[in-house]
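Take a look at the structure below.
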Number of protein chains: 2
Amino acid sequence: MSGINERRERERAHRHQLIITAARDLAETEGWEAVTTRRLAERVEYSQPVLYSHFNGKDAIVSAVAIDGFGELATHLRRARLAAPEPGQALRAVCRAYLDFATERPALYQAMFVLPTNLSFGSPETPPALRAGFDEFVNCFDPADERRELIAEVTWSALHGMAVLSDSGRIPPASQDARLDFLVTQFTAPPAGQPRNER
Amino acid sequence: MSGINERRERERAHRHQLIITAARDLAETEGWEAVTTRRLAERVEYSQPVLYSHFNGKDAIVSAVAIDGFGELATHLRRARLAAPEPGQALRAVCRAYLDFATERPALYQAMFVLPTNLSFGSPETPPALRAGFDEFVNCFDPADERRELIAEVTWSALHGMAVLSDSGRIPPASQDARLDFLVTQFTAPPAGQPRNER
DNA sequence: CAGGAAGTCAAGCATTGCTAGGATGCAGTC
DNA sequence: GACTGCATCCTAGCAATGCTTGACTTCCTG
């Protein structure tokens, strides 16, 4: 009978996801330093070796959490971009959505972008969802501008810096909105005729 | 005799610094995950408890490394700003110096800005050197602009994002110069008359 | 009804950060 | 010069961590 094996595979996939969400929940409520293999095993009500039959190690588990997060972030950004009232507002909407994501799910964001990970981003192995999220930024800029990939990279970098420095209290979290405003204003401005901000 | 105690205090301070530089060297050559209390103790040729007579724990050691780094970064940035050929080039020079620092001393940079740390940045306890480094950015902008603190925060955020995302391979390290160029160009531009980059 | 594959767990290993307790040596005192 | 007091230092160990081993159970297959 093959229905039995199918059921087992279903159960196995279900448990696979159970481990991921348990790790994510634990991290979101108590921080990643509280996510140990023992506590995680206890949480999913299995013994530790079960974890290792699903993942190569703890790092693989947080990587799985991160990959899930990439998917969520991509749809989150996409929704924000499409919901923008007019195309000129797309960049602002996507940036705000990005920062909201980072502040509302700090642990998940850490797994995706801060924690040491072995995820290769070179080219072949890059999670498609990560590329999709990045493309949401790219699509905010003029397709005729051949530098728009580069501009998107700088935008993303700035947002990432704002998110992480604000989260760790190195810049005042309260003025995040003002920073966001300045960023999108400058990045949609024509290049300098005569400098203004510089002394 | 009080000269004896003075000598002891000197030796103690010397050993204090020895521990810090040993930790930093070890991290710079083999990464922070290789910095264990045992290896560090072996490196300085003392037993582990000696470390704990100088620092409250491992976290305090990496914090000490970070604080040293803040000082170095501040002087590095200051030198770059003062060496700029004309004041209009100051921002570009400081930004480039910042990115150079991050790429040339990745482990030190991690200790300063990435690793989980208990350094409070609220207000009273903030290391003066960190504030000094930040002020180098502030001083690149027009003193008449009351938003220049905010602009400096965004600048710093963007640089931090570029440094860390490039270091982890999430954006191509090769185009770092082009990104830097775009950043300073846009941040010294007047605010948008009619948008250009946006679609 | 055997044989074997899949799944599970209790127990253990090496390494981690950190600490307790005793040994050693150097001051100052009788 | 012997003795006390204090500071310094190290050996040894603890609890917790990530991960693995070996045996036990279960249940399909021939």
Side-chain angles (χ1 to χ4, degrees), chain A residues 1-20 22-24 26-27 30-66 107 110-111 115-119, chain B residues 1-20 22-24 26-27 30-66 107 110-111 115-119:
Chain A
M1 217 29 135
S2 76
I4 284 185
N5 284 338
E6 288 177 9
R7 183 211 49 175
R8 282 192 184 170
E9 193 137 350
R10 265 201 321 273
E11 286 176 352
R12 196 173 164 77
H14 178 261
R15 204 172 49 182
H16 187 93
Q17 192 60 35
L18 181 67
I19 294 172
I20 295 179
R24 173 174 161 170
L26 196 50
E30 306 189 41
W32 279 108
E33 74 281 355
V35 179
T36 70
T37 56
R38 274 169 241 270
R39 291 197 60 180
L40 188 54
E42 188 185 14
R43 197 78 161 239
V44 298
E45 297 179 307
Y46 285 94
S47 68
Q48 293 179 50
V50 176
L51 303 181
Y52 291 88
S53 76
H54 283 270
F55 300 94
N56 275 337
K58 190 189 171 183
D59 290 356
I61 296 179
V62 328
S63 290
V65 173
Q110 271 190 23
L115 292 191
T117 175
N118 296 333
L119 286 179
Chain B
M1 211 36 140
S2 76
I4 286 185
N5 284 337
E6 288 176 10
R7 183 211 46 172
R8 283 192 184 166
E9 194 139 349
R10 265 202 319 275
E11 289 176 351
R12 197 176 163 75
H14 179 262
R15 202 173 50 181
H16 187 93
Q17 193 59 36
L18 181 68
I19 294 173
I20 295 179
R24 173 174 160 169
L26 196 49
E30 307 189 41
W32 279 108
E33 75 281 356
V35 179
T36 71
T37 57
R38 272 168 242 269
R39 291 199 60 180
L40 188 53
E42 187 186 15
R43 198 79 164 239
V44 298
E45 297 179 306
Y46 284 97
S47 68
Q48 293 180 55
V50 177
L51 304 181
Y52 291 89
S53 76
H54 284 269
F55 301 94
N56 275 337
K58 190 189 171 183
D59 291 355
I61 297 179
V62 328
S63 290
V65 173
Q110 270 188 23
L115 292 190
T117 175
N118 296 332
L119 286 178

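Below, chains carry the letters A, B, ... as their sequence lines are ordered, and counting in each starts from 1.
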Tell me which nucleotide among [options] gets nearest to the side chain of [X].
X      : options                   : value
R38(B) : dC18(C), dC9(D), dT20(D)  : dC18(C)
P49(A) : dC9(D), dT19(C), dT21(D)  : dT21(D)
S47(B) : dT16(C), dG18(D), dC10(D) : dC10(D)
Y46(B) : dG17(C), dC9(D), dC9(C)   : dC9(D)

Using a cut-off of 4.0 Å on non-hydrogen atoms, how would the nucleic acid contact of R39(A) be classed: base, sugar-phosphate, or nothing?
nothing
Side-chain N or O of T37(A) versus OP1/OP2 of dG18(D): is the shortest distance under 4.0 Å?
yes
Could you tell me the separation between the [atom1] atom of [X] and the [atom2] atom of [N], rounded to a whole number of Å?
X      : N       : atom1 : atom2 : answer
H54(A) : dA6(C)  : NE2   : P     : 14 Å
K58(B) : dT17(D) : NZ    : C1'   : 13 Å
L51(B) : dA20(C) : CG    : C1'   : 16 Å
L40(A) : dG18(D) : CG    : P     : 9 Å

Could you check if a side-chain atom of Y46(B) sits within less than 4.5 angstrom of a side-chain atom of I19(B), using non-hydrogen atoms only?
no
For dC9(C), does the base pair up with any side-chain atom of Q48(A) as donor and acceptor (N or O, under 3.5 Å, distance only)?
no
